[in-house]
Each structure stands twice: as C-alpha cells, then as structure tokens.
Protein chains: 2
Amino acid sequence: MALSVGELGVEDSRADILRAAAACFLERGYAVTSIDDVARALGATKGRIYHHFPSKADLFAEVFRTGIDMIYAAIAPCRDMPGPAVERWKKMATIHVRLMIDTKSFQRAVWEGVEMHLRGSTTPQQRDVFGKLLEDRTKYGNIFRETIAEAQREGAMRFANLSIANQLMFMTLNSPIFWYTPRDGETSEDIDRIVEQVVAYALGGLGATEGTV
Amino acid sequence: MALSVGELGVEDSRADILRAAAACFLERGYAVTSIDDVARALGATKGRIYHHFPSKADLFAEVFRTGIDMIYAAIAPCRDMPGPAVERWKKMATIHVRLMIDTKSFQRAVWEGVEMHLRGSTTPQQRDVFGKLLEDRTKYGNIFRETIAEAQREGAMRFANLSIANQLMFMTLNSPIFWYTPRDGETSEDIDRIVEQVVAYALGGLGATEGTV
DNA sequence: TGATGAACATACTACCGGGTATGTTGTCAA
DNA sequence: TTGACAACATACCCGGTAGTATGTTCATCA
C-alpha cells in the first residue's frame, strides 16, 4: 500500500467519512440525515460509504465510538492525579468541556446515541452493539460521579443527592454541544474563558465550599 | 352540540390527540414517530388525526404551542412580584422545574422544536409558523434573563457573562425532561425535593451570594 | 502484461410513511 | 323522515431512502 505524495490511505478515507457523517448528524440529526446527504457532503456517492460501513446504523455507531474514545483518552491522565478530589474534578471538567467544544459534532452524536438507546429506537442487533459502547460511556460517567462523591466526603462540595447532582453536572458540562457556536476571530484563549465559566457554574452548582475555589 | 353523560366534545378529542402525540414524540422523537404510531397509541387510525390537524408538522406545532402556553401561564403571576430579584427568580425557577416534570412530554417537544428550528429542518412555510411560536419562547427566556441580570446588579448573584449564565441556567432548569422518570409510590412532596435540588444547583451555579440562599 | 482486487460510481429494488380520496356511521335540525 | 354534516375508518398513491447489484478505474503483483 505505497502512497504517493498527497494521496490518502484507507484510514484517512474512513476518517473523512466519519467527520462528514458527524457534521451531518450535528446539523440535521441522525434520523433526518440520509446516506446521500453524507455522501454529498463528501462530494461522493453512497458507494463509497457502503464500501466502508455495512449500514447507516454502523456508521453512526462508529461516530459514536470515536466520540467516546476521544473523551475517554483525554481525561485518562487525570485519573490518578494526586491532591484533593476537587482539584482533580476541576482538571477533568475543564478538559471535558474543552473537548465538548472542540469535537462538538462527535459529542453531539454521542448524546443522540444515548438518547436513542434510552428510547429503545434501535434494532435488537444494534442494541447490544450500542450496549457495549454505552458501557464505556457509563464507566466514564462513573469516574466523575466517584470524584464528586469523594470531594463531598472531603468537605469540598455539598449537595443533597449524588445521582441528581451527577445528572445536573453532566448537563452543565455537556451543554456547549447545544449552544456553543464558533465566532469569527475567536482565539483559543477566548474559548478557554468560556470553558472557565462553564466549570465555575458547575462548581457552584455542586456546592463547592468557598476557599476551595 | 349537546353532549350526553360520559361523552366527549371536539376539544377533548383534540386534546387526547395532542397528549398522545406528545407522548409518542417523547418516546421516539419527532422524525421517527409516524402518524400511524400516534393513531395506534389512541386506538384509532390516521383518519382521526388528519381530520383535526392538516399535517404532521402542524400537529407537532400544536404540541409545541401547548407546551409554551402552559409554562408561560404558570409563571405569569410571579412577573410583578415585589421584593428582591433573587426571590422572584427562585419562585419562577421552582415553578418552571416543577412544570418540566409534570408536563415532561410537552416540554420535551418544545425542546425538540427549538432544536429543529435552529437546525433549519423545517419547510419554509412551517418556518415562520415556528418563528411566531419561538417569539413567545424567546420572550419567556428573556424574563428569566432580565431577572438574573437584575439579581446580579443587586449583588445577589455573581457570574462573568450574562448570555452564558442564562444558557447554563436553562440547561439546568430544563434538564429534568431528559433524566426524570417517575418512581412508583412517588409523592408530590418527593418531586418537590427534586425540584428544590435542581433550583439549588442553578442558584449555586449563578453564584448566589451566601446569605441570600 | 495480464489478472486480481480495492475503492469507488451508477443503476436499480423494496419498503415505509406522509398525505389524499373515498367510504361509513351517528347526530341534529328542519 | 330525510338530508347534511361532523367524525372518524379504509384504501390507495407516491416520493424518499436504506440497501443491493453491477459496472468502472486503477494500482499492485505474480
């Protein structure tokens, strides 16, 4: 598989399809997006997509998996960070929100995938494929959940119910996938400001004790 | 239009359809839900639905409008409440969250309607119908927005950016439409506890000054 | 250099779902 | 009593889309 200069390999072609699919799913939603839409966005036809992915559902599943893998990998370094749980949480939350913005289309697909699974609008076979993927997603969620539980035990956070607090926290941290849109001339530092505000809001919501902030 | 005992009028029939449609849209989403699905949920056929609503989009628009009307009417009494803005906000937020839970299916449709409009996945004619409805939705949003702005001026809240704070606040207050599911044996007071936690989280997120809580 | 298969494009099929056209039943008013 | 209309049910049409079957091109390798 020798490649000339400027040519693209198979994986690049797959990656292009995944990016285009994620963008389409973001713009229209999974159900409304047709395979032809994705192909058109690529300047190609269905043949190319079905050559790499067996079905629309599998294509979506791959976008989903990609989104989860990215975010999972991003916070991995923080997991055994020393120091108080709040500090670890702040680091994780910051990375999480930043990634929600930077990989918005994929993360939006993850959200829709979770919704689809909860609503059970998947075929039986797709259902356990998604089940596997959601296991990772759940594991990821539990990392945060345990962290805020630990922070509460350390007296750095205060909330009544862990499950509800966890839900609200994730809603906050994920929310940029709904309302963030890039401005022209926006720098990476501008985005950092946004991330800071989201994290600060979540921190306040979780009842962070004054002084730990 | 004399009605015998136990019979239902036209408006009741319409209302039944709207409730069934809202329930279906909640379970599957607008795009995936077919008119036959709604009809089946009613133990009826398409004929009944198309007799009352000209199209699927119009049916959805009516569900959407109903959701907005309900919430708009609910907080109306609070709008000229005397006292500090934070207190007014707490009252409004509490009513809002409670209604999100009590009329979850309709409010979920409102959410999806906003998404659809933002993504532009509506026909040109439906687009200005939705435009009208979204005006009310925007006006509703502005009531909250102005309230937290006022609360900040009064020194009862502290946040960096009003728009972002407003987005995060609404994400929090609306979030029960995604994660709340009724438990068996759950009392109205149990739900009040949940509402309190959601409101408390948002209050903390908005940087409510200690002592005003 | 010819054969083989990857990486697509093109042409086609099958089905589902929105919408419509047409029946059917009950009620009310004249 | 009957005609008219509301309130549906039934039967049908048709466009769009997932998926398939079949070309076509080009690189690689024996």
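As a basis for the values below, the full set of heavy atoms in this structure was taken, side chains included, without hydrogen atoms, waters or symmetry mates. Note that this is a predicted model, so its numbers are computed, not measured. Throughout, protein chains are lettered first and strands after them, A, B, ... in sequence-line order, and every chain is numbered starting at 1.
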A:Arg40 CZ to C:dC8 C1', in whole Å, measures 18 Å
Hey, do the aromatic rings of A:Tyr201 and B:Phe159 have their centres closer than 6.0 Å? no
Residues passing the salt bridge (charged side-chain N to carboxylate O under 4.0 Å, His left out) test with A:Asp102, sequence neighbours excluded, are A:Arg98
Tell me whether the rings of A:Phe130 and A:His117 are parallel (<30°), tilted (30 to 60°) or perpendicular (>60°). parallel
Is there a donor-acceptor contact under 3.5 Å linking the side chains of A:Ser163 and A:Asn166? no
For A:Phe106, enumerate each residue passing the ring pair (Phe, Tyr, Trp, His ring centres under 6.0 Å) test, keeping only those at least two apart in sequence or located in another chain. none
Can you tell me if the side-chain N/O atoms of B:His51 get under 4.0 Å from OP1 or OP2 in D:dA7? yes
For the pair A:Trp111 and B:Phe178, name the ring-plane relationship: parallel under 30°, tilted 30 to 60°, perpendicular over 60°. perpendicular
Tell me: CZ of A:Phe53 to P of D:dT20, nearest whole Å? 16 Å
Atom pairs, N/O to N/O, protein against nucleotides 14-18 of chain C, distance under 3.5 Å?
from	atom 1	to	atom 2	distance (Å)
C:dG18	OP1	B:Thr33	O	3.4
C:dG18	OP1	B:Lys56	NZ	3.2
C:dG18	OP2	B:Ile35	N	3.0
C:dG18	N7	B:Lys46	NZ	3.0

Taking atom P of D:dA7 as reference, at what distance in whole Å does atom CG of B:Asp16 sit? 14 Å
Are side-chain N/O atoms of A:Asp58 and A:Ser55 paired as donor and acceptor at under 3.5 Å? yes
Give me the stems containing DNA chain C, sorted by first residue, counting only three or more consecutive Watson-Crick or G-U pairs with both distances under 3.5 Å; say none if there aren't any. C:1-30 with D:1-30
With sequence neighbours excluded, residues passing ring pair (Phe, Tyr, Trp, His ring centres under 6.0 Å) with B:Phe170: B:His96, B:Phe144
Judged by modelled atom types alone, do A:Arg28 and A:Ser34 share a side-chain donor-acceptor pair under 3.5 Å? no
Distances under 3.5 Å only, N/O to N/O: pair up the protein atoms with those of nucleotides 21-23 of chain C.
none

Could you tell me the separation between the CD1 atom of B:Ile143 and the CE atom of B:Met92, rounded to the nearest 0.5 Å? 6.0 Å
Can a cation-pi geometry be assigned to A:Lys56 and A:Tyr50, taking NZ or CZ under 6.0 Å from the six-membered ring centre and within 45° of the ring axis? no
Are any of A:His52's side-chain N or O atoms less than 4.0 Å away from OP1 or OP2 of C:dC8? yes
Between P on D:dG19 and CD1 on A:Ile49, what's the gap in Å once rounded to a whole number? 12 Å
Between P on C:dT24 and CZ on B:Arg48, what's the gap in Å once rounded to a whole number? 21 Å
